[in-house]
Structures are given as structure tokens and as C-alpha cells.
Amino acid sequence: MNLLDIRNLSVTYGTDTAAVRGVDLTVEAGRKLGIAGESGCGKSTLALALLRLLPASARLSGQILLDGEDVLTMKWGRLRAVRWAGASIVFQGAMHSLNAVHRIGDQIAEPLLVHRQATPPAARRRVGELLEHVGLPTARADAYPHELSGGQRQRVMIAMALACDPRLIVADEPTTALDVMIQAQILRLIEQLVSEQNIALVMISHDLAVLADTCDRLAVMYAGRIVEEGPARAVYDAAQHPYGRALSAAFPRIGDPASRRAPRGLPGDPPDPAALPSGCTFHPRCPVALEVCASEDPPLAEAAPGHRSACVLTTGSRP
Amino acid sequence: MTTASASAGAVVERSGTATAYPRYLAGKLGGAAVSLFAVLVTSFFLFRIIPGDPVKAMTQGVPTSAEQLATLRRQFGLDLPLWQQFTDYCAKALTGDLGMSYQFRAPVGELVAQKLPATLLLTGVAVVIYSALGLWLGTRSAWRHGGLGDRLNTGIALTLWSVPSFWLGLLLIIVFSVGIGPVPGMFPTGGMESGDETGLAYVIDVAHHMVLPVLTLVAVGYAQTLLVMRASLLDEMGGDYLTTARAKGLRDDLVRRRHAVPNALLPTITMIFINLGHVAAGSILVETVFSWPGLGGLFYQALSVPDLPLVQGLFVVFAGAMILMNLLADLLYPLLDPRVGR
């Protein structure tokens with residue numbers, strides 16, 4: 001059975017602002033899935049929806065099966081028990097995701113105490129272990145967030161996410177605000193910890209190269225939908241969907257001077273979720289759009305073995 | 001490698017905090033001393049701009065010869081040049097001597113000491129009650145903002161805030177002291193004590209006298225704390241750290257109490273201390289309506305003469321209380337928010 005099974009998930013704000021539209025994704029225990037896309041494509045909404053952390057104004061439909069149990073229909077008490085103990089989140093920009101007025105040791109220990117997984121002295125010992133795991137000295141437990149660097153704060157977030165031994169960790173842009181050297185350290189750390197402890201990982205980023213490097217499978221999101229999904233290297237090196245190709249071309253490739261000198265951007269802005277284009281939502285920006293694209297929105301279909309894409313050009317209906 | 005550099009950083013930062021707090025403390029104490037001196041200077045010159053000859057005012061209605069006036073001037077040091085009066089005044093103020101009241105012929109310090117307890121009791125109790133009430137209601141309002149409770153809460157608070165305190169006081173006296181219709185007069189109309197009680201009975205008697213003036217001050221005052229707390233908590237409510245707290249599986253009330261409120265407290269605490277600074281000055285209007293024997297009434301009497309040493313002395317006491325409370329607030333901040341004073 002899949003550890004995480006998202007079925008036809010939609011998130012709507014207000015009357016017709018669809019942030020996520022019919023997403024199907026699965027993650028097996030211990031595997032790593034990357035979700036890529038531009039700002040505003042709905043990937044962070046998706047991450048927050050996994051633990052029902054969206055504001056009350058968001059309406060959710062579909063199913064999110066975590067270990068076979070639907071998060072969307074859980075009672076509050078059960079949901080609180082699943083939060084952090086079943087699945088935890090490494091938020092982006094750890095500056096604001098940590099509480100400025102509490103010591104980091106107390107913040108890491110908090111979920112252990114809330115979920116009654118440890119007594120206060122045991123929690124303190126566990127905090128020391130967790131800090132060492134993420135490469136911080138145990139004494140830093142007494143520090144406040146503002147006394148740490150950005151990279152150290154992100155390490156604290158990771159230690160906190162590991163506290164209750166969850167089976168799934170969602171990392172939402174975990175390295176976005178960090179410089180390149182620290183970014184690489186944090187990525188290695190996440191990779192090492194999840195594989196050591198056999199934790200499943202859903203990593204969300206705008207950086208396809210980072211995801212391809214870390215994850216087993218990759219999903220590309222555009223305007224609230226998955227437009228491409230497949231093995232990480234295949235999606236990165238041989239994207240099927242025109243948007244997937246544009247996204248992977250936007251990042252210079254190591255060892256390929258040509259792409260570094262001329263990274264290709266994508267003209268135009270992502271569409272407003274309140275007023276989506278007709279047909280395939282990507283067609284106004286698509287360099288290879290056909291006439292049918294303005295009226296037809298193809299479903300996600302197999303374009304290569306284990307590699308799905310939602311484009312008329314890849315699903316065999318090529319004219 | 002990472003571990004080594006991180007622990008080195010820890011050592012540096014720890015020694016940094018060890019020296020930072022005394023420096024912060026010294027800065028705040030120095031600032032308070034400068035403010036106090038500025039108050040001394042201002043109070044001396046400000047009240048000499050008020051028109052009226054104090055000696056003539058003292059002898060109003062009594063036929064006085066020019067020699068007698070000159071004697072009085074000499075007696076109070078008013079014949080000396082202004083700068084000499086000022087240096088004398090400062091030198092005495094530093095030893096705690098605030099001069100001699102013209103109209104009461106008694107040391108200013110003694111007069112203030114007589115009236116201060118009554119004022120501190122009345123306004124102190126009122127400020128503590130309305131701060132607590134404002135904090136509690138403001139937190140509730142913000143957490144369920146936009147709801148019926150929030151709209152009722154802020155609506156009632158704003159209405160009471162716009163009510164003049166003397167008018168509300170008079171209304172309360174008419175209804176609850178004099179009695180209206182079926183409502184019997186159950187509270188005294190004014191004063192602080194009936195005069196013949198001792199021991200526990202005296203305490204109850206004073207509390208009985210305090211009910212209406214405290215109620216007036218609380219009703220008119222709590223809106224300010226409520227609105228500041230509500231606004232600063234609303235600012236915090238979009239905070240990412242609250243999403244983290246919810247994701248950890250905390251109950252809603254724990255997210256509020258443990259995470260949101262401590263971050264929203266700073267602006268409200270500042271305002272509570274400013275209100276505590278006002279405690280010494282009391283409320284002239286409410287003290288007058290309820291004939292409360294406090295400093296507010298004394299200040300009014302001193303101004304009408306003008307009794308320069310008394311006015312000056314009271315001004316210094318009021319401002320000093322404000323400076324002291326601000327200093328206390330400054331000293332408290334680092335305990336509430338680790339980012340302050342480091």
C-alpha cells in the first residue's frame with residue numbers, strides 16, 4: 001500500500017479561485033517525490049492541505065489517504081494526533097516559521113510533549129540527540145532563533161520535523177532563502193536523514209535541478225494541476241510536456257557551458273487562478289501550442305514507460 | 001567542521017549577551033536621569049510663564065503694605081534673580097526638598113505624601129483591572145475577529161471609551177448612590193471613608209467607597225488596552241510560526257496562549273506601563289466628581305493660586321512616576337522578547 005495516496009484533490013478559495021485542481025499523486029514508504037512549479041502554481045497550498053492547515057475559507061474535495069486513512073474526513077482529535085507524529089513539515093524560510101520568543105530546544109521538544117511521546121527530561125535528552133543529528137551542538141538548545149544563522153535555523157526545523165519519528169516529511173521550499181553552499185549542505189542532510197530512517201519525503205521547490213538531484217520521482221505542477229510526472233532523471237533530462245521542458249531549461253546545467261550562458265526563460269506570467277485560460281491552461285505561453293489546445297484540456301496519460309504527461313502532443317492524438 | 005564553527009559561534013554569542021544586558025541597563029538608566037533633569041528645568045520655567053503675582057494672590061482680600069509684600073517676597077526667595085532661584089531650586093530638589101507651598105505654608109513633599117496613597121489606591125486598582133480586562137477581551141476579539149463576539153466587544157468598548165468620565169460618574173452616583181425607581185442607593189456618593197471604622201471594617205468601608213469611581217475609570221479606560229491587544233494579535237495571526245504550531249498538533253487554545261499572545265504582548269505592555277505612569281497623577285475629573293481626597297484635587301487647588309512650589313513639585317512627581325514606569329517597562333522587555341536589548 002502507498003504511504004500517501006492523494007486522489008482527485010481540489011482546493012478552492014472563495015467561489016471560483018481554484019488553487020489545486022484534481023491532483024492525483026502517490027508516495028511509497030521510504031521514497032522521495034519532488035513537486036516542481038512556479039510561484040503560485042498551488043504547490044504550497046498542496047503541502048498545507050496534506051495536514052489540513054489551510055485557512056477555514058479554503059474548500060477541499062477529494063481524498064488524502066495517509067496510511068490508508070483519509071485526512072480530509074478525520075475528526076479534530078485524530079487529526080491533531082496525526083499532525084507531526086504521522087507527517088511533519090519543514091517549512092520554508094525558517095526565520096518566520098520558528099517562534100522568536102521561545103528557545104529552540106523548547107520548540108523542538110514541544111511536539112514530543114504534546115503527543116505524549118516523552119516526559120520532559122526524556123524530551124530534553126531527545127532534543128540533544130536531534131540537534132547532534134542535524135549537526136548542531138547540543139548547547140544550542142538554549143539559543144533563541146535570532147541567535148542562529150539561516151542555515152542553522154533550517155537545521156533546527158529539520159530536527160523538529162524528525163522529533164516524533166514521522167513516516168512522512170513534507171519539505172516546502174526548504175532551501176529557498178539560503179546561499180548555495182548552505183543549500184547543498186541542507187539538501188544532503190535531508191537526503192541522508194530520510195534514507196537512514198526510511199522516511200518518505202515530499203519535497204516542494206521551484207528548482208527542478210535540486211529536486212532531480214534529491215528525489216526518486218518528480219511531478220511538475222502548473223496552474224493547480226500535475227502536467228507531468230515520472231522518474232526524476234527522465235523528467236529533468238527528457239521532459240515530455242512543453243512546460244516541463246521550459247522549467248528544466250530555465251536552470252543552467254552543471255557541465256554544460258552552453259546552457260549556462262543562455263538559460264532559457266519562459267515569457268509571460270502564470271495564470272490567475274481566478275480566471276484560468278480555456279482548454280489547456282498552458283496554451284497562451286506554450287511555444288508549440290496548436291489550435292485544439294485552446295479548447296481541449298488533455299488528461300495526464302502515459303507518454304513513456306512510467307512517465308505521464310498532459311499534452312496533446314505526447315498522448316498520441318498528434319495530428 | 002560545521003559543528004566546530006557553530007560551537008565557536010555559540011561561545012562568542014554567549015559572552016556577547018553577558019555584556020549586552022548591563023550596557024542596555026546603563027543606557028536606559030542614563031536616559032531616565034536625563035529625562036528627569038529635563039523635567040526639573042521645564043517645570044521651573046513653565047510655571048513662571050503663568051500670569052499672576054504669587055505674593056499678591058497669597059494676600060488677596062487682605063490689605064497689605066508694600067513693605068509686607070517685600071518681606072513675603074524675601075521669605076520665599078522671590079526677590080532673587082531668576083537664575084539664582086533656579087539653582088537653589090535644583091540644589092534642593094536633588095536633596096528631595098521640593099520647597100514650601102505658598103497657600104498651605106507646608107513643605108510640598110509632606111502635602112504630596114498625604115494625598116498620594118488615596119490616588120495610588122484608586123487609580124492603581126482601576127488600571128490593574130482595566131488592563132487585565134482589556135488584555136483578555138482583546139485576545140478573544142482578535143482570535144475570532146469579524147465574528148459577532150468581536151463586533152459586540154469592540155462596539156461596547158468604543159462606546160464606553162467615548163463617554164466623558166465625569167458624566168458617567170455623575171450618572172452612576174444618581175443611579176447607585178441616590179437610587180432611582182426600584183434601584184436603592186447602595187453606594188456612598190463620595191469620599192474615601194465614613195470616618196468611624198477600624199480594622200477589617202475600615203478596609204471594607206474603603207472598598208465600598210471605591211466601587212463607583214473604579215467602575216467609572218475601568219469603563220472609560222479598558223477600550224484602549226483592548227484595541228491595542230486586538231491589533232497586535234491580529235498582526236501576529238498571519239505568522240508562519242503559528243502554522244508550525246498548528247502543524248505540530250497543538251490545540252487551538254495552546255497555539256493562542258503559548259505562541260500568539262507572547263509575541264503580541266509587547267505593544268500592549270508598553271501601553272499598560274504608560275497607564276501605570278498616569279496612576280500618580282490620578283484622574284482630576286473622577287476624583288473631583290467623587291470628592292476623592294487625592295493628588296488630582298490638590299493639583300487643581302495649586303493651579304488656581306498659582307502656588308508655584310506646589311505646582312512644580314506635583315509636576316515633578318507626576319513626570320517622575322511616568323519616567324519610572326517607562327524605565328520598568330524597558331527593563332521588562334528583554335524578559336518578554338529575547339530580541340530586545342541584545
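Reminder, nothing fancy here: chain letters follow the sequence lines and each chain counts from 1.
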Closest-packed option against chain B by number of heavy-atom pairs under 4.5 Å, given A:His102, A:Arg80, A:Met160, A:His115: A:Arg80

Once rounded to the nearest 0.5 Å, what's the spacing between atom [atom1] of [X] and atom [atom2] of [Y]?
X        : Y        : atom1 : atom2 : value
B:Arg246 : A:Leu48  : CZ    : CG    : 11.0 Å
B:Leu250 : A:Leu113 : CG    : CG    : 10.0 Å
A:Phe91  : B:Thr244 : CZ    : OG1   : 4.5 Å

Part of A:Glu132 lying under 4.5 Å from any heavy atom of chain B: neither

Interchain contact, A:Val101 with chain B, by part (heavy-atom threshold 4.5 Å): both

A:Leu53 versus B:Ala247, closest heavy-atom pair with distance: CD1-CB, 3.5 Å

Shortest non-hydrogen separation from B:Pro338 to A:Ala100 and the atoms involved: CG-O, 3.3 Å

Within residues 252-266 of chain B, residues adjacent to chain A where the heavy-atom gap is under 4.5 Å: B:Arg258, B:His259, B:Pro262, B:Asn263

Results of salt bridge (charged side-chain N to carboxylate O under 4.0 Å, His left out) for B:Lys248 - residues two or more places apart only: A:Glu110

B:Leu336 portion near chain A, given a 4.5 angstrom heavy-atom threshold: backbone

